[in-house]
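Remember, predicted model here, so these are calculated numbers, not experimental data.
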Amino acid sequence: MDKEQVQYIIKLLREGHSLTKITKLAKINIMYVSVIRKLMVMDLLRVEV
């Protein structure tokens, strides 16, 4: 997974899409999306999009 994918996933999360929809749009495992969301909630991931 590269930086562009992470930024795309963060953008989709901020727009309020569901985890399954993000998984289909980004073509990535749902576990990765879940971990990125959890890091955002815990304020441990700060990426400007």
By side-chain contact (heavy atoms from CB on, under 4.5 Å), Ile30 pairs with (sequence neighbours left out) Leu19, Thr20, Thr23
By side-chain contact (heavy atoms from CB on, under 4.5 Å), Glu15 pairs with (sequence neighbours left out) Lys11, Leu12, His17
Between the CD atom in Glu4 and the CD atom in Gln7, the distance rounded to the nearest 0.5 Å is 6.0 Å
Checklist entry - Would Val35 and Met42 show up in the same hydrophobic cluster when neighbours are defined by side-chain heavy atoms closer than 4.5 Å? => result yes
Distance col, row Ile9:CD1 vs Ile28:CD1, nearest 0.5 angstrom, shows 4.0 Å
